[in-house]
Amino acid sequence: MIGVTGSFGSGKSTVTDMLRSLGAHTIDADMICRKLMLPGKKVYRDIIKRFGKEILNKNKTIDRVKLAGEVFNDASKLRLLNSLVHPEAIKEISDIAQRRKGKGTLVIDGALLIETGFYKKLDALIVVRAGAEDQIRRLISVKGITREEIVKRLRSQAPLKKKLAFADFVIDNSGSKKETRTQVKNIWEKLGGSGVPYGRKSKTRH
């Protein structure tokens with residue numbers, strides 16, 4: 001099981017897509033979190049209980065923009081939200097990984113693999129890096145949020161320097177897609193490709 005992480009806007013999803021094209025089965029941790037926040041789910045009820053119905057859309061779904069506006073302006077609220085969502089997300093991902101055991105390489109795309117401690121379950125961790133301005137430019141284009149909001153979210157995550165200390169492999173995504181793809185292929189080959197496990201048990205974990 002391989003993890004792909006990096007700061008907000010670094011391009012980890014792009015790297016994950018490239019690994020999928022090489023034959024990996026992938027899990028998007030953010031998508032798991034989104035599903036857990038749907039009406040009827042335990043996490044949904046817990047969030048409404050703690051943050052109030054003011055964060056709901058007219059159709060009773062959680063307004064993620066409103067919720068983000070609250071938590072990224074208040075560190076204590078962000079910690080609370082994470083405490084409600086992350087344990088359930090980790091359980092869900094672990095269950096999927098268990099069901100797919102022995103069925104080839106599984107890649108987990110997650111921004112907070114280090115912060116949640118999930119990296120300890122991985123065979124290898126890839127950290128994707130990019131220049132700060134590259135990240136901001138991509139996020140403004142794709143997410144449609146302001147520079148100020150992007151900076152707040154980046155500050156809520158572990159610094160890149162800290163993430164790099166946990167990396168088995170680092171991908172520099174500040175160049176062209178072709179350059180990134182070459183790095184991904186090289187790492188895939190080093191990992192054995194075609195689902196051959198890397199063997200994290202032989203490494204000393206942080």
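For this chain, numbers begin at 1 and follow the sequence in order.
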inquiry  = side-chain contact (heavy atoms from CB on, under 4.5 Å), that's the test. Do Val4 and Thr26 meet it? Break it down for me.
reply    = CA-CA 10 Å; Val4 178; Thr26 62; over 6 Å; no

Is it possible for you to say whether [X] and [Y] belong to one hydrophobic cluster, with membership spreading through side-chain heavy-atom contacts below 4.5 Å?
X	Y	value
Leu38	Val43	no
Ile96	Leu36	yes
Leu112	Ile108	no

Counting N and O atoms only, with roles assigned by atom type, does the side chain of [X] sit under 3.5 Å from a partner on the main chain of [Y], one being a donor and the other an acceptor?
X	Y	answer
Asn57	Asn59	no
Arg45	Gly40	yes
Asp123	Met1	yes
Ser176	Glu179	yes
Asp63	Ile55	no
Ser10	Arg129	no

So how far is it from [X] [atom1] to [Y] [atom2], rounded to the nearest 0.5 Å?
X	Y	atom1	atom2	result
Ile187	Thr182	CD1	OG1	11.0 Å
Cys33	His86	SG	NE2	5.5 Å
Thr180	Lys185	OG1	NZ	12.5 Å
Ser13	Arg20	OG	CZ	9.0 Å
Tyr119	Ile114	OH	CD1	8.0 Å
Ile27	Ile32	CD1	CD1	6.0 Å

Could you pull out the closest heavy-atom pair between [X] and [Y], with the gap in Å?
X	Y	answer
Ala124	Leu191	CB-CD2, 3.9 Å
Phe51	Glu70	CD2-OE1, 3.8 Å
Val71	Lys77	CG1-O, 3.8 Å
Lys41	Lys35	CG-O, 3.5 Å
Ile90	Phe118	CG2-CD1, 3.8 Å
Thr5	Gly110	OG1-O, 2.7 Å

N-O pairing of [X] and [Y] below 4.0 Å:
X	Y	result
Lys163	Glu115	yes
Asp46	Arg50	no
Arg34	Asp30	yes

inquiry  = Working note: Thr16 + Asp28, criterion side-chain contact (heavy atoms from CB on, under 4.5 Å); need CA distance, chi angles, decisive distance, verdict.
reply    = CA-CA 9 Å; Thr16 301; Asp28 184 336; over 6 Å; no

So do [Y] and [X] actually touch side chain to side chain, heavy atoms under 4.5 Å?
X	Y	answer
Leu67	Met37	yes
Leu81	Phe72	no
Arg100	His25	yes
Thr105	Trp188	yes

inquiry  = Quick one, Lys91 with Asp95, criterion salt bridge (Lys or Arg N to Asp or Glu O under 4.0 Å). Give me CA distance, side-chain angles, the key distance, then yes/no.
reply    = CA-CA 6 Å; Lys91 182 178 182 299; Asp95 288 346; 3.4 Å; yes

task = Report the C-alpha distance between Ile171 and Val127 in whole Å, list the side-chain angles of each, state the deciding distance to 0.1 Å, and finish with yes or no for side-chain contact (heavy atoms from CB on, under 4.5 Å).
result = CA-CA 6 Å; Ile171 289 178; Val127 174; over 6 Å; no

task = Just do the side-chain contact (heavy atoms from CB on, under 4.5 Å) check on Phe169 and Asn186 with the steps written out, would you?
result = CA-CA 10 Å; Phe169 302 98; Asn186 287 340; over 6 Å; no

